[in-house]
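Every chain is numbered from 1, with letters handed out A, B, ... down the list of sequences. It should be emphasised that the depicted structure is a prediction, and the values quoted were computed from it without experimental measurement.
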There are 2 protein chains.
Amino acid sequence: MPLSKVRRVSLAHSVSSQLSRAIVAGDFPAGSQLSEPSLAATLGVSRAPIREALIELELRGLVEFDPQGHTRVPTLTPADLQEIHAMRVAIDPLAASLAAEHATTDVFAALEANIAATKDAKTLADVSRLDAEFHDRIVKSGRNRRLMLCWSGLRDQVELWLTQMQLRHQAITKRTRQQTVDSHYELLEVIRSGDPKQAATLAGDHVAGWTDLLPTVTAVPNS
Amino acid sequence: MPLSKVRRVSLAHSVSSQLSRAIVAGDFPAGSQLSEPSLAATLGVSRAPIREALIELELRGLVEFDPQGHTRVPTLTPADLQEIHAMRVAIDPLAASLAAEHATTDVFAALEANIAATKDAKTLADVSRLDAEFHDRIVKSGRNRRLMLCWSGLRDQVELWLTQMQLRHQAITKRTRQQTVDSHYELLEVIRSGDPKQAATLAGDHVAGWTDLLPTVTAVPNS
DNA sequence: CGATTGTATGTTGTCGACAGAATGAGGCCC
DNA sequence: GGGCCTCATTCTGTCGACAACATACAATCG
């Protein structure tokens, strides 16, 4: 049996990933303070790794720092979502065009599997997770580290927003699900065709298409 | 005299800004290790603020972490510059369109002053600094914090790249300078006109126009 | 002489501790 | 009873110290 490389994972990284999952999952109510001593006690580490993780999370937009230095879970406003959406309209076309240039067959297979899974999605949480994974694959296949960094931050913030709006457990309408499946399939095919320009424009239309959906969602916070 | 707000600046923030300036200025050769003890001794602080600053700089792309955890100044390759350029092609149109929507008269004044100063630029360092300030104003006027964060990271990395290519002290040709002045003026006018779409397309053409310039520059590292 | 082992140094990751500031409770004076 | 002052608590920002790990070098053994 070939020995696999032993990689030591720093506590700061563990804390970072664990905290980001917890925040996105809604374990901390929006606006709540995350005090370093309590986090340290909960996670069983000292404050140093906690602080380093919090700095990383702040730059990813999952926490924010008070003027007094207190760490809080940001309460995402409609304005925030508009910012995120505008960024995605700018970035998704780039991701799609890069994918059209660089994607290999295994990427296509993964995307197809993702679309197939999306057809069985029941809740908004399901479809949102699958949608995130779908675009994750596309962005990663583009092999642009700056793009990946930017995208992952936006993705996490969208997930956080979904949680804060309490939309995760909402059942998804057949129409919305079919819409995502269709547009994802279109996107896959244009990426597979290998035409960057066409992929970019289609991706742009795809994201921009959500523009009229978002206000209606924000207008119905919890029903 | 109205008392200005006393702002407590954390050491970590001071270290961060000071280090980023030093790195961008080329005080550390590309690929050199930044050991925390020596930085701490040099700056007269303990390692804790150093570490926190380094984490921030890593996410901004000004340093990178070895597999062994050592902090090093990244050696930007042509591939890195292509990544950055691709991101700017995606992002600058958004910045311009947002500016066209939100910019106020004082922004226009600042941009005009910047263009005027650019006409007197002597070296590539001058024109690059003024260009960065120009786009800084535009991005800031768009009032999108995510965009601002993304842009500032790219900007710093471009500055670092200029330093590493030893292009800062190179005299600028009249033609290049005039080209920058012209395109900046065009951009200012279309933003002032308030048409987001037109501003976006012009900004996109503007950045994309540098595509054929970059290879020629990279082909002539130090002459 | 080459390979291997032991060692010595430098660096990172983590911890516990302390000072300063902010916040809130409780008592005191008017 | 209301406003103000004092005090206790809690948190952040920072520091110094220690262990684990990696690296380079010297010494040892075949």
Side-chain angles (χ1 to χ4, degrees), chain A residues 3-23 27-75, chain B residues 3-23 27-75:
Chain A
L3 296 175
S4 65
K5 248 184 203 165
V6 176
R7 60 171 178 183
R8 38 193 278 284
V9 165
S10 76
L11 282 184
H13 273 71
S14 304
V15 170
S16 170
S17 63
Q18 206 164 341
L19 263 187
S20 64
R21 269 196 299 269
I23 292 174
D27 292 2
F28 305 98
S32 65
Q33 286 190 20
L34 305 184
S35 92
E36 295 166 8
S38 77
L39 286 179
T42 304
L43 298 177
V45 298
S46 88
R47 278 178 53 212
I50 301 282
R51 283 181 69 86
E52 299 182 1
L54 288 179
I55 290 177
E56 188 188 329
L57 293 185
E58 195 257 354
L59 291 181
R60 293 204 313 185
L62 286 185
V63 301
E64 64 187 8
F65 293 146
D66 271 7
Q68 295 102 12
H70 298 270
T71 310
R72 297 155 40 107
V73 176
T75 306
Chain B
L3 296 175
S4 66
K5 250 183 203 166
V6 176
R7 53 177 177 185
R8 18 170 312 152
V9 161
S10 77
L11 281 185
H13 273 71
S14 303
V15 170
S16 169
S17 63
Q18 206 164 339
L19 263 188
S20 63
R21 268 197 299 271
I23 292 174
D27 291 4
F28 305 99
S32 63
Q33 283 192 21
L34 305 184
S35 94
E36 295 166 7
S38 77
L39 286 179
T42 304
L43 297 177
V45 298
S46 88
R47 277 178 53 213
I50 300 282
R51 282 182 69 86
E52 299 182 1
L54 287 179
I55 291 177
E56 187 188 328
L57 292 185
E58 195 259 353
L59 291 181
R60 292 204 317 187
L62 287 186
V63 301
E64 64 187 7
F65 293 147
D66 270 6
Q68 295 102 10
H70 298 263
T71 310
R72 297 157 37 109
V73 176
T75 305

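- Side chains of A/L57 and A/S16 form a contact here, defined as non-hydrogen atoms less than 4.5 Å apart.
- Here the CD1 atom belonging to B/I55 is positioned 9.5 Å from the CG atom belonging to A/L59, to the nearest 0.5 angstrom.
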inquiry  = Generate the contact string for nucleotides 19-24 of chain D. Rules: B means base contact, S means sugar-phosphate contact only, - means no protein heavy atom under 4.0 Å.
reply    = ----S-
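- Nearest heavy atoms, A/T71 versus A/F65: OG1-CE2, 3.2 Å.
- The stretch residues 30-37 of chain A touches DNA chain D through A/L34, A/S35, A/E36, A/P37, each having a heavy atom under 4.0 angstrom from the strand.
- Across every non-hydrogen atom of B/L54 and B/V63, the tightest pair is O-CG2, 3.7 Å.
- Residues B/P74 and B/A30 come closest through the heavy atom pair O-CB, 4.4 Å.
- Here the straight-line distance linking atom CG of A/L19 with atom CG of A/L43 works out to 6.0 Å at 0.5 Å rounding.
- Closest of all the heavy-atom pairs between A/F28 and A/L34 is CD2-CD2, 3.4 Å.
- Using a 4.0 Å cutoff on non-hydrogen atoms, the parts of residues 10-17 of chain B near DNA chain D are B/S10, B/L11, B/A12, ordered by number.
- Sequence neighbours left out, the pairs with a member in residues 27-36 of chain B that pass side chain to side chain donor-acceptor pair (under 3.5 Å) are B/Q33-B/H70, B/S35-B/S38, B/E36-B/R47, B/E36-B/R51.
- Between chain B and DNA chain C, the heavy-atom contact criterion of under 4.0 Å yields a 5' to 3' nucleotide range of C/dT11 to C/dA21.
- Taking both residues in full, the closest heavy atoms of A/S20 and A/L62 are given as CB-CD1, 3.6 Å, listed atom of the first, atom of the second, then distance.
- Heavy-atom distances under 4.0 Å link DNA chain D to B/V45, B/S46, B/R47, B/A48, B/P49 of residues 44-53 of chain B, given in residue order.
- As a whole-Å value, the separation of A/L54 CG from D/dC11 P is 14 Å.
- When side chains are defined from C-beta on, B/H13 does not count as touching B/S17, because their heavy atoms never get closer than 4.5 Å.
- Shown here for A/A53 and A/V15, the closest heavy-atom pair between the two residues is CB-CG1, 3.6 Å.
- Distance check: B/Q68 CD to A/R8 CZ gives 9.5 Å after rounding to the nearest 0.5 Å.
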